[in-house]
Amino acid sequence: MKRILSGVQPSGRPHLGNYLGAMRQHVEMQKDFEAFLFIADLHALTTVKDAEKMRSQTYDLAVNYLALGLDPEKTIFFKQSAVSEHAELCWIFDCLVKMPYLERAHAWKDAVEKGKKEISVGLFNYPVLQAADILLYQPDLVPVGQDQKQHIEMARDIAQTFNNTFGETFKIPEPLIKDDVAVVPGIDGQKMSKSYGNTIEIFAEESVLKKQVMSIITDSKELEESKDPDTCNVIKLYKLLATKEEIQDICDKYKKGGCGYGESKKLLLNKILEHFSESRKKYQEIYPKKDYVYGILEEGAKKAKIIAGKTLEKAKKQIGYL
Ligand code: ADP
Ligand code: TRP
């Protein structure tokens, strides 16, 4: 059975973009693969500098995955910070990776372009830690959203560099990117992202969800006017969840005229509520069960540590530490 691994930062409440671009694949992968999924709380320290937030966002993310159907019997699910091998292998890679190489990373370049002066060493080093996350488990595939492609390429490069320097140690993983949901637009039409404040949060209270959907930006065409479904942000999102027939139906109504944006927004809201109805119920059930949730993460970390430990030991032998 092929091995697959991914990680998600606990950097805020997950949104439709996270779900369609990443989380859905993370849950589905347990069906056909030996699956590993971790909460990337070491990475999140590059932005989250508040203990309560770190704790609650980590917990919330764990509950989200369990509510979406992640089965801890099938997927090894854990917190990155509970497996110290990640940080240890990161240091080893740090000594192989050159600074100009990391200066090519999109996240770093973006931060520099935005004029951020006080960028932490951790943010600069982010792709190296991600390479350690991946390579420790020798996965075949790494499912991520389009924006993570470069990080997977860097992990491949770093594996090659280590293998060339010390001998064959790490498997070279392949990225797994679903093109059809490459970039989910937010309520303002830009990429949906926590950092742009344009998200639709799948586990938000119904009133919040409604507010988010109702604030999707549209043009100012009158109710009777014919509308273009291809340029409408509401339809772009609706298309990601609705059936072919449902999509055809709303597109026809748009073109004919007489269908307002209020109507399509209601349709989208109901679609989201319907799609996540079981998960939203489960979320409410699981959320109060702290021992259960933490128990799963601890069990996952124990299993992960055994596998990560073996890879690290192999790397240490190659380097000459053992
Ligand atoms: P955010 O931009 O909200 O901070 P992250 O960078 O934490 O989201 O992304 C978490 C995962 O969700 C990544 O694998 C990323 O590719 C995916 N993802 C985030 N936003 C989108 C989007 N708008 N469309 C598709 N995938 C997305
Ligand atoms: N950087 C990823 C993101 O922001 C999260 C992540 C950390 C990750 N380590 C990983 C994803 C390893 C895949 C594999 O979404």
Side-chain angles (χ1 to χ4, degrees), residues 3-27 29 35-48 57-58 60-61 64-65 68 76 78-81 83 85-87 89-90 93 105-108 110-111 122-123 125-156 158-159 173-202 212 233 236-237 239-241 304 308:
R3 188 176 281 178
I4 196 160
L5 166 136
S6 200
V8 188
Q9 288 194 65
S11 51
R13 295 198 91 176
H15 53 74
L16 205 52
N18 297 143
Y19 171 74
L20 293 168
M23 297 172 85
R24 182 165 64 175
Q25 283 78 266
H26 295 160
V27 175
M29 67 191 188
F36 289 76
L37 181 70
F38 62 91
I39 299 180
D41 54 354
L42 295 178
H43 279 110
L45 187 57
T46 57
T47 51
V48 182
Q57 290 178 177
T58 300
D60 190 63
L61 189 59
N64 280 205
Y65 270 105
L68 287 170
I76 297 186
F78 61 101
K79 268 192 334 189
Q80 185 188 25
S81 62
V83 182
E85 283 78 0
H86 289 242
L89 185 61
C90 179
F93 289 159
H106 298 316
W108 160 257
D110 284 355
L123 183 69
N125 214 24
Y126 188 111
V128 185
L129 178 59
Q130 184 156 343
D133 297 339
I134 296 170
L135 301 175
L136 271 178
Y137 300 91
Q138 312 270 20
D140 299 285
L141 294 165
V142 185
V144 283
Q146 184 71 39
D147 60 351
Q148 291 296 312
K149 194 167 174 227
Q150 190 191 38
H151 286 154
I152 312 304
E153 276 159 12
M154 290 180 135
R156 288 165 58 89
I158 293 171
E174 295 288 337
L176 184 66
I177 297 168
K178 283 208 156 190
D179 289 335
D180 50 343
V181 283
V183 179
V184 176
I187 59 176
D188 57 356
Q190 290 188 81
K191 173 189 178 247
M192 188 179 288
S193 169
K194 279 160 236 154
S195 44
Y196 302 148
N198 63 356
T199 62
I200 295 177
E201 295 165 4
I202 55 183
Q212 291 173 341
N233 292 326
K236 280 185 196 160
L237 290 167
K239 278 183 173 168
L240 298 168
L241 298 174

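All ligand and atom numbering here is 1-based and tracks the order in the structure.
Every heavy atom of Q9 sits 4.0 Å or more from the atoms of ligand 1.
The N/O atoms of D147, backbone and side chain alike, include one that comes under 3.5 Å of an N/O atom in ligand 1. By the 3.5 Å distance cut-off applied to N or O atoms, K194 is counted among the residues near ligand 1. In terms of polar-atom proximity, Y126 is counted as a contact of ligand 2, with an N or O under 3.5 Å from an N or O of the ligand. Taking distance alone, with nitrogen or oxygen atoms compared against 3.5 Å, A22 stays at or beyond that limit from ligand 1. For ligand 2, the polar-atom distance check against Q80 finds no nitrogen or oxygen pair separated by under 3.5 Å.
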### Message
Show, in sequence, the C-alpha distance, side-chain angles and deciding distance for H43 and D133, and conclude whether the side chain to side chain contact (heavy atoms under 4.5 Å, CB included) test is met.
### Response
CA-CA 10 Å; H43 279 110; D133 297 339; 2.9 Å; yes
### Message
Working note: N18 + V8, criterion side chain to side chain contact (heavy atoms under 4.5 Å, CB included); need CA distance, chi angles, decisive distance, verdict.
### Response
CA-CA 9 Å; N18 297 143; V8 188; over 6 Å; no
#### Entry: Test side chain to side chain contact (heavy atoms under 4.5 Å, CB included) applied to L241 and L20, step by step
CA-CA 9 Å; L241 298 174; L20 293 168; 4.2 Å; yes
### Task
Check the pair I39, Y65 against side chain to side chain contact (heavy atoms under 4.5 Å, CB included), reporting the backbone distance first and the verdict last.
CA-CA 10 Å; I39 299 180; Y65 270 105; 5.8 Å; no
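Ring planes of F38 and H86: perpendicular class, angle over 60° (limits at 30 and 60°).
Those atoms of ligand 2 with a heavy atom of G7 less than 4.0 angstrom away are 5 (C), 6 (C), 8 (C), 11 (C), 13 (C), 14 (C). Proximity to V144 (heavy-atom distance under 4.0 Å) selects the following atoms of ligand 2: 13 (C). Interface atoms of ligand 1 facing M192, defined by a heavy-atom separation under 4.0 Å, are 20 (N), 21 (C), 22 (C), 23 (N). In summary, the atoms of ligand 2 found under 4.0 Å from a heavy atom of H43, numbered by their order in the structure, are 7 (C), 9 (N). Listed by number with element, the atoms of ligand 2 under 4.0 angstrom from any heavy atom of Q9 are 4 (O). Annotation for ligand 2: atoms under 4.0 Å from non-hydrogen atoms of F38 are 9 (N), 10 (C), 12 (C).
Taking OG from S6 and CD1 from I152, the interatomic distance works out to 7.0 Å, rounded to the nearest 0.5 Å. To the nearest 0.5 angstrom, M154 atom CE is 11.5 Å from Q148 atom CD. For the atom pair CG of D147 and CD1 of I177, the computed distance is 9.0 Å after rounding to the nearest 0.5 Å. Considering CE of M29 and CG of L176, their distance stands at 10.0 Å, rounded to 0.5 Å. Atom-to-atom distance recorded for M23:CE and L61:CG is 5.5 Å, nearest 0.5 angstrom.
Here H15 has side-chain heavy atoms under 4.0 Å from ligand 1, and that is the only part of it that gets that close. Contact annotation: for I152 versus ligand 2, there are no heavy atoms closer than 4.0 Å.
Among all protein heavy atoms, the one lying closest to atom 2 (C) of ligand 2 is Q148 OE1, 3.3 Å. Of all protein heavy atoms, the one closest to atom 9 (N) of ligand 2 is D133 OD2, 2.7 Å. Looking from atom 14 (C) of ligand 2 to the surrounding protein, the closest heavy atom is I134 CG1, 3.6 Å.
Between the choices V183, V8, N18, the shortest heavy-atom distance to atom 8 (O) of ligand 1 belongs to N18.
A side-chain donor from one of K194 and S11 sits under 3.5 Å from a side-chain acceptor of the other.
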